[in-house]
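Right, one structure below, let's go through it.
The chains referred to below are lettered A, B, ... by the order of the sequence lines, with proteins before strands, and numbering in each begins at 1.
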Protein chains: 2
Amino acid sequence: MSNLNKRPQKTVTALDAITADLVAVLVAVTDGHPKIMTIDHAAALPSGPFQFAHRSLQMGLRAWVEAQTGHPLGYVEQLYTFADRGRSGDPDAPHRISISYLGLTREEEGREGADAQWSSWYDYFPWEDHRDGPPAILAKIIAPKLKAWARSVDEPALQKTRWRRAAITFGLDGREWNEELALQRYELLYEAALIPERVREQGGEAAVPGRAMTGDHRRILATGIARLRAKIKYRPVVFELMPDEFTLLQLQRSVEALAGRLVHKQNFRRLIEQQELVEETGAMATDTIGRPAKLFRFRQGVLAERAVVGTKLPLSRS
Amino acid sequence: MSNLNKRPQKTVTALDAITADLVAVLVAVTDGHPKIMTIDHAAALPSGPFQFAHRSLQMGLRAWVEAQTGHPLGYVEQLYTFADRGRSGDPDAPHRISISYLGLTREEEGREGADAQWSSWYDYFPWEDHRDGPPAILAKIIAPKLKAWARSVDEPALQKTRWRRAAITFGLDGREWNEELALQRYELLYEAALIPERVREQGGEAAVPGRAMTGDHRRILATGIARLRAKIKYRPVVFELMPDEFTLLQLQRSVEALAGRLVHKQNFRRLIEQQELVEETGAMATDTIGRPAKLFRFRQGVLAERAVVGTKLPLSRS
DNA sequence: CTATCTTATGCTCATGGAGAGTATAAATGG
DNA sequence: CCATTTATACTCTCCATGAGCATAAGATAG
């Protein structure tokens, strides 16, 4: 790098060394329940520092997740890199950044480590599950508190802006619910100091139901949920979460679990079959109620043909 | 963090300290030419280490970009975090990661720093500009070299997989060109050792036209291009690149410059007006050839109404 | 055995958006 | 006046999507 000396500002001092944490949002769906892998009594995501021994960020992540949960990591994609917003309190503490990843697997029997367990992601975000209609806490708790937050400023224009933002992100005032805004919703609640994590740091009265997590972990989880909800609409990633063989209804239930909303059954099947994402195994599902369904498997060919390209699921993007 | 002691593996030693670089892909479009801000004689992106003094990653980035280029940073979003693939050669060197960002601005007169300049992004990726049809180097140079690369392995199945991958990402064999695959294309060329950056490190004969950059910077640029090309289709970000007032044709030319492909004029206007993204200023464009066009400005309201939601541009996503 | 419940699966219909093309208007320069 | 260039208004077709109706194929309660 002979041109380094052309940028003398770039001198790196020991002071500028930092620490990087790797954090995993590891998702599985077991009969219609979306789950994430947690440690520390369901209060934290699997994570650990990026160490010298790690050959790459992903390798480091895999090492930590397997060590802490006993679960191997399959599909992985990077989510976001956060820097602690100087929350540590100690001004002399070194910078600490978190590099977060989304992982998709299947829940497997008896593979949980000592302190590792699967937890429903809706325990952390109860307002995100709209499969049985808008959850009660939205109208009963969240909307009023956000209204109060909006009114708590003097300027009327700002009041209006705040409330509009709340209404858009939470689908209030007759607006449509948009499941992809999970992260924006969390950040709005955080901003409004309705979240224990925030209260913990800066005071205020906590507020909205939903389990808190260590540090930034719930924000990272929200990032993962939002990303996954967006991604299932145009990439065949749901199949990473399915067993080898499944019925179309099971597939639909998984999609619904992730999206937190229901889809039209016939249209769902039409779309899946049109795109030739699956193929029949020939077998039928046993031990079911009602008319037995055909079993399908993911058609591996699509990965080669379209890994790069696209796929659609009937969750409107408008 | 009382529960830290429950995870003894998490001990952080001095050895695990790392350095983080902040890298910016700063984009502007000046009369139909997409440009990026570069330093070091157009061989590197603005960048510098994340330092103790920086209050956040974005603040650090802004500091570096303004110091190196004199250009203030407007719209910014995070791109990706790369870890050097251990390319430094020195096994004792500390880990170094790059946190990259995409920034959008307007090119302003006389604001270039000593070593900072705007460069056309197609200088670095000549195969990405399809506004005048598929560029000649695709059929003349890239396709044959990729075919050779595919054939250079013994196993026929692998040959086929390689070639299919090349055909899909580059739109060969009669397949459709997909402008969003800019990153995959760069990575494929890299893998095939057709890129100077790769040759520089591991030997092989370089290959494909297109200016190289320092370290990972061209990969980061490809990431930025791909992200921006995807994003203009569903978020009103093009306007960050436009002057205050513009004609619809200028807007269209900017979109085309970024996407590297042409769009249907009438449909473009229909979509822009339908969505009420712009409003007339009342004035007309002067100094033009042909019938004078109305001047428009971006309707700021949409940011409040739909910042979170969406917008469409007529670049099909299929 | 039959009514009922549950799920599977096939089909139709209306709507709206997107791609593509035609036609006309308004400027400029010869 | 004509050719050229850009602006702007419409139209037409195709198809994806959302929604609903109808029927099939099992299990189970009575």
Side-chain angles (χ1 to χ4, degrees), chain A residues 31-32 130-131 176-179 232-234 245-256 259 261-296 309-318, chain B residues 31-32 130-131 176-179 232-234 245-256 259 261-296 309-318:
Chain A
D31 29 66
H130 285 231
R131 283 175 294 178
E176 288 250 319
W177 172 258
N178 181 344
E179 75 278 359
I232 51 173
K233 294 179 188 172
Y234 61 97
E245 304 193 347
F246 49 83
T247 68
L248 291 184
L249 185 59
Q250 286 167 346
L251 181 63
Q252 182 184 343
R253 293 285 178 243
S254 293
V255 169
E256 292 173 337
R261 56 168 23 177
L262 301 178
V263 305
H264 183 102
K265 189 172 184 169
Q266 293 93 323
N267 291 346
F268 181 81
R269 310 169 121 267
R270 177 174 63 187
L271 214 49
I272 298 294
E273 293 181 324
Q274 260 179 11
Q275 297 177 96
E276 302 178 296
L277 294 175
V278 296
E279 61 193 4
E280 299 184 12
T281 67
M284 304 289 280
T286 54
D287 73 321
T288 61
I289 328 177
R291 173 172 170 181
K294 287 180 191 162
L295 281 174
F296 292 83
V309 185
T311 305
K312 284 181 210 160
L313 281 187
L315 291 159
S316 69
R317 275 185 259 175
S318 57
Chain B
D31 26 69
H130 286 230
R131 284 175 293 178
E176 287 252 318
W177 172 258
N178 182 344
E179 74 278 1
I232 50 174
K233 294 179 188 173
Y234 60 97
E245 304 193 348
F246 48 84
T247 69
L248 291 184
L249 185 60
Q250 286 168 345
L251 182 63
Q252 180 183 345
R253 293 285 178 244
S254 293
V255 169
E256 291 173 338
R261 56 167 26 176
L262 301 179
V263 304
H264 183 103
K265 189 173 186 169
Q266 293 92 323
N267 291 346
F268 180 81
R269 310 170 120 266
R270 176 174 63 188
L271 215 50
I272 297 295
E273 292 182 325
Q274 258 179 12
Q275 298 177 95
E276 301 179 294
L277 293 175
V278 298
E279 61 192 6
E280 299 184 11
T281 66
M284 304 288 282
T286 54
D287 73 323
T288 60
I289 328 176
R291 173 174 167 179
K294 288 180 190 162
L295 281 174
F296 292 83
V309 187
T311 304
K312 284 181 209 159
L313 282 186
L315 291 158
S316 70
R317 275 186 260 176
S318 58

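One N or O donor and one acceptor, one from the side chain of B:Arg270 and one from the base of C:dG19, sit under 3.5 Å apart.
Between the CZ atom in B:Arg261 and the CG atom in B:Asn178 there is a gap of 7.5 Å [rounded to 0.5 Å]. Atoms NZ and CG, on A:Lys265 and A:Leu249 in that order, are 5.0 Å from each other to the nearest 0.5 Å.
For B:Pro292, the side-chain atoms get nearest to C:dA26 when compared with the rest of C:dA26, D:dG18, D:dA24. Distance from the side chain of A:Ala293 is smallest for C:dA8 among the nucleotides D:dA7, C:dA8, C:dT6.
When the P atom of C:dT9 is taken as reference, atom CD of A:Glu273 falls 8 Å away, rounded to whole Å. When rounded to the nearest whole Å, the span between CG of B:Asn267 and C1' of D:dT11 equals 12 Å. Note: CD (A:Gln274) to P (D:dC15) measures 12 Å, nearest angstrom. Across the protein-nucleic acid pair, B:His264 atom NE2 and C:dG17 atom P stand 17 Å apart, rounded to whole Å. When the C1' atom of D:dA24 is taken as reference, atom CE of A:Met284 falls 11 Å away, rounded to whole Å. Regarding A:Lys294, its NZ atom lies at a distance of 15 Å from the P atom of D:dA24, rounded to whole Å. We find that CD of A:Gln275 is positioned 8 Å from P of D:dT17, with the value rounded to whole Å. To the nearest angstrom, C1' of D:dC12 lies 14 Å from CD of B:Gln266.
Shown here for A:Thr281 and A:Phe296, the closest heavy-atom pair between the two residues is CG2-C, 3.7 Å.
Side-chain contact between A:Ile272 and A:Gln252: absent, with no pair of heavy atoms (C-beta onward) separated by less than 4.5 Å. Counting heavy atoms from C-beta on, the side chains of B:Arg253 and B:Asp31 never come closer than 4.5 Å.
Residue B:Lys265 has no polar side-chain atom (N or O) positioned under 4.0 Å from OP1 or OP2 of D:dT8. Look at A:Arg291 and you won't find any side-chain N or O under 4.0 angstrom from OP1 or OP2 of D:dA24.
Nucleic acid contact class of B:Leu248 (heavy atoms, under 4.0 Å, all strands): none.
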